[in-house]
Amino acid sequence: MTERVRRCAYVLCSKPLPEGSRSDRRFCERACRAAHRRWIRHQREAFAVGLAFLSGEAPAQVVRCPVCGRRFALGHPHRRDKIYDRDSCRQKAFRARHPAEGVRKAVTPDSTPEPRHRPLTSTNAVSSRGRP
């Protein structure tokens with residue numbers, strides 16, 4: 001009698017698990033494991049939003065993330081004053097508000113680069129060599 005083929009637990013994959021894998025292995029590779037976690041999180045959030053609509057909660061309890069546009073319900077597991085649905089959205093918004101410091105603009109034919117140091121002249125050239 002042939003042994004039953006165990007398959008990956010991720011819904012969109014279902015590849016057979018490698019031969020000789022441990023009995024508690026559920027996913028064929030790490031990417032499937034991460035994708036399954038994201039899929040489960042999406043299902044939970046969608047269920048929470050749907051439940052909020054069905055229970056007649058105020059529209060202010062179901063908000064849309066300003067970065068990615070996904071809807072999420074405030075309250076458990078989110079704070080009541082939460083603005084972004086995930087930490088990655090919050091980080092993207094921060095980076096958009098605060099442009100990178102220390103990054104110089106590209107030099108184009110019609111622009112000249114900004115000098116990093118003061119221009120070299122005869123007076124500070126001598127002092128920069130360390131001689132009096």
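Along the sequence shown, residues carry numbers from 1.
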Subject >> side chain to side chain contact (heavy atoms under 4.5 Å, CB included) involving Arg30 - partner list, sequence neighbours excluded >> reply: none

Subject >> Heavy-atom pair with the smallest gap, counting every atom of Arg6 and Ser21 >> reply: NH1-OG, 3.6 Å

Original post:
If you link I, L, V, M, F, W and Y whenever their side-chain heavy atoms are under 4.5 Å apart, who else ends up in the same group as Leu12?
Top reply: Tyr10, Val11, Phe27, Trp39, Ile40

Subject >> Partners meeting side chain to side chain contact (heavy atoms under 4.5 Å, CB included) with Arg97 (sequence neighbours left out) >> reply: Tyr84, Ala93, Phe94

Original post:
For the side chain of Arg25 and the backbone of Cys28, is there at least one donor-acceptor N/O pair under 3.5 Å apart?
Top reply: yes

Original post:
With a 4.5 Å heavy-atom cut-off, do Arg86 and Cys68 have their side chains touching?
Top reply: yes

Original post:
Tell me the salt bridge (Lys or Arg N to Asp or Glu O under 4.0 Å) pairs involving residues 61-74, sequence neighbours left out?
Top reply: Glu45-Arg70, Arg70-Asp85

**OP:** Mind checking side chain to side chain donor-acceptor pair (under 3.5 Å) for Arg22 and listing every partner two or more places apart, or none if nothing turns up?
**Re:** Asp24

Subject >> All side chain to side chain donor-acceptor pair (under 3.5 Å) counterparts of Arg90, not counting sequence neighbours >> reply: Asp87

**OP:** Kindly indicate whether the side chain of Cys32, heavy atoms from C-beta on, has any atom under 4.5 Å from the side chain of Cys13.
**Re:** yes

